[in-house]
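Below: the structure, in structure tokens.
Start at 1 and go down the list; that is how both ligands and their atoms are numbered. Atoms considered below: every heavy atom in the structure, side chains included; atoms not considered: hydrogens, waters and symmetry mates.
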Amino acid sequence: MLESSGSASAAPKFDLVDEILALKKSRNAVLLAHYYQEGDIQDLADFVGDSLQLSQAAATTNADVIVFAGVHFMAETAKIVNPDKIVVLPDLEAGCSLADQCPADRFADFIAAHPGHKVVSYINCSAAVKALSDVICTSSNAVDMVNLFPKDQPLIFAPDRNLGAYVQKQAGRDLVLWNGACQVHEVFSERKLIALKVQHPDAVVLAHPECEPPVLRHADVIGSTAAILNHAVSSPKSTFIVVTESGILHQMRKAAPDKTFIPAPPEANCACNECPFMKRNTLEKLHAALRDLQPRIELPEDVRQAALRPIQRMLARDLTAA
Ligand code: 13P
Ligand code: SF4
């Protein structure tokens, strides 16, 4: 809302947060934010969650407009399940290095090279890759989705080799893995993590399954962002080393202000534990997206329909759905 300062000559004060809230209401928009967004965006969101929770929220919303404070594949998933709604992503360049490592044409060749295999794809992929898949999974349900298939069914798992290796171990079955990885989760340093554990012997290590196996070996709890947040809040322990993107610390500190959360360090002295794609969204871009209803996510209808089926199977936890 535009505010008057009380002085006739002063320029009206523009309050970005008030403006966003007012636009959200007038547009009948819902703001969905991933845990890796900046804290100021998370605090304005109608719903903050991990990839599975956000896709469930997108599938059930009554809003006319979905503003997705996350990355492209997340907003694309929201559009796939809501073809008649306007879906905007504050910055269209908010991509994902993992999704980019699996181009649909090369993935189609990979599938063709493995006849008889069904395809389980992590939600961190393009709509075109989803369209080639039998079922989609997220980090919170990947083991369950793999276990929906009979034990003797050969499976391809793509595009994250680290999540795939973790699922392989948990499900106790072989998977053909696509060789992709997240540029944020693969930079955590095993050496520095061990040093941190020596410094904080009582700390619980919480890690995301996108991390590499040498790092996951030192984790006490491995789970999606929502799972490790829930563990941190409900645990009687007071100190946690957090091995995932640092945006999650915002909700951890809000939910458990008396506990200590230590972000695990990357190998280099950099802020590489921040996802540069997630961090492209800002309050200013969010405001512009609500005001202009741009940039929108649009998809060819044939790709959308083909990508919808494996998403519906995930949401229904049923391979015969869709
Ligand atoms: P989750 O939201 O499933 O924890 O995955 C994290 C992630 O890397 C999203 O890009
Ligand atoms: Fe992609 Fe990794 Fe960023 Fe998630 S954290 S959006 S997987 S680059």
Side-chain angles (χ1 to χ4, degrees), residues 32-38 41-42 45 47-58 68-78 89-102 120-126 129-130 136-146 157-164 166-167 170 178-188 206-212 215-216 219 221-232 242-252 263-264 266 270-281 311 314-315:
L32 305 180
H34 191 269
Y35 288 127
Y36 295 164
Q37 291 293 288
E38 297 283 8
I41 294 181
Q42 293 189 37
F47 191 86
V48 186
D50 70 359
S51 304
L52 179 63
Q53 294 169 326
L54 292 172
S55 57
Q56 289 164 334
F68 216 115
V71 291
H72 193 273
F73 73 79
M74 297 178 171
E76 204 172 52
T77 303
L89 179 65
D91 187 327
L92 262 195
E93 300 299 312
C96 167
S97 63
L98 173 58
D100 288 348
Q101 286 171 23
C102 189
V120 182
S121 292
Y122 190 31
I123 199 163
N124 300 34
C125 64
S126 67
V129 166
K130 288 184 175 76
I136 299 305
C137 70
T138 74
S139 62
S140 43
N141 63 14
V143 176
D144 294 344
M145 292 303 115
V146 160
F157 187 94
D160 190 307
R161 65 167 183 267
N162 294 323
L163 177 63
Y166 170 74
V167 171
Q170 295 297 307
W178 179 266
N179 189 16
C182 158
Q183 71 174 55
V184 178
H185 288 90
E186 67 179 349
V187 297
F188 290 109
L206 307 171
H208 195 280
E210 284 178 21
C211 297
E212 293 189 322
V215 165
L216 289 182
V221 176
I222 299 173
S224 75
T225 43
I228 61 179
L229 170 64
N230 291 341
H231 185 91
V242 183
V243 201
T244 190
E245 211 271 355
S246 56
I248 187 70
L249 295 166
H250 180 68
Q251 291 298 330
M252 287 178 167
C270 59
C272 326
N273 60 341
E274 286 190 12
C275 174
F277 307 103
M278 288 278 180
K279 279 7 187 210
R280 287 190 76 96
N281 295 322
I311 294 173
M314 173 185 77
L315 294 173

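Between Q53 and ligand 1 there is no heavy-atom distance shorter than 4.0 Å.
Residues satisfying the disulfide (SG to SG under 2.5 Å) test with C96, not counting sequence neighbours, are none. D91 meets the side-chain hydrogen bond (donor to acceptor under 3.5 Å, both in side chains) test with R280, K285; sequence neighbours excluded. Annotation: side-chain hydrogen bond (donor to acceptor under 3.5 Å, both in side chains) contacts of E245 (sequence neighbours excluded): K279.
Looking at atom 10 (O) of ligand 1, its nearest protein heavy atom turns out to be N124 ND2, 3.3 Å. In this structure, the protein non-hydrogen atom closest to atom 5 (O) of ligand 1 is H208 NE2, 3.2 Å. Protein heavy atom closest to atom 8 (O) of ligand 1, with residue, atom name and distance, is E210 OE2, 2.9 Å.
By the 4.5 Å heavy-atom criterion applied to side chains, C182 and N124 are not counted as neighbours. Residues V146 and Q170 fail the side-chain proximity criterion, which asks for heavy atoms closer than 4.5 Å. Residues C125 and F73 form no side-chain contact, since every pair of their non-hydrogen atoms from C-beta on lies 4.5 Å or further apart.
Between H34 and ligand 1, a contact under 3.5 Å exists for at least one N or O pair. When only interatomic distances are considered, the shortest N/O to N/O separation between S139 and ligand 1 falls below 3.5 Å.
The closest donor-acceptor contact from the side chain of N281 to the backbone of G70 lies under 3.5 Å. In this structure a side-chain-to-backbone donor-acceptor pair under 3.5 Å is present from S97 to Q183. Q53 places a side-chain N or O within donor-acceptor distance of the main-chain N or O of D50, the cut-off being under 3.5 Å. Side-chain N or O atoms of Q37 include one that pairs as donor or acceptor with a backbone N or O of M278 at under 3.5 Å. W178 places a side-chain N or O within donor-acceptor distance of the main-chain N or O of Q101, the cut-off being under 3.5 Å.
Atoms SG and CG, on C211 and L216 in that order, are 5.5 Å from each other to the nearest 0.5 Å.
Short contacts between ligand 1 and T225, defined as distances under 4.0 Å to a heavy atom of the residue, involve ligand atoms 1 (P), 2 (O), 4 (O). Near M74, meaning under 4.0 Å from one of its heavy atoms, ligand 1 places the atoms 9 (C), 10 (O). Residue-ligand proximity, S224 to ligand 1, at heavy-atom distances under 4.0 Å covers atoms 4 (O). Near S51, with a cut-off below 4.0 Å to any heavy atom, the atoms of ligand 1 are 1 (P), 2 (O), 3 (O), 5 (O), 9 (C). Interface of F73 with ligand 1, defined as ligand atoms under 4.0 Å from a residue heavy atom, comprises 10 (O). With ligand atoms numbered from 1 in the order given, ligand 1 contributes 5 (O) to contacts under 4.0 Å with heavy atoms of Y122.
Taking 2.8 Å as the limit, the number of protein N, O or S atoms around atom 1 (Fe) of ligand 2 is 1.
The side chain of E210, and not its backbone, has at least one atom closer than 4.0 Å to an atom of ligand 2 (non-hydrogen atoms only; side chain from C-beta on). Here Y35 has no heavy atoms under 4.0 Å from ligand 1, in either its backbone or its side chain. Looking at I123 against ligand 1, nothing comes within 4.0 Å, counting heavy atoms.
H208 pairs in a side chain to side chain contact (heavy atoms under 4.5 Å, CB included) with only one of the listed residues (V242, T225, V243), which is T225.
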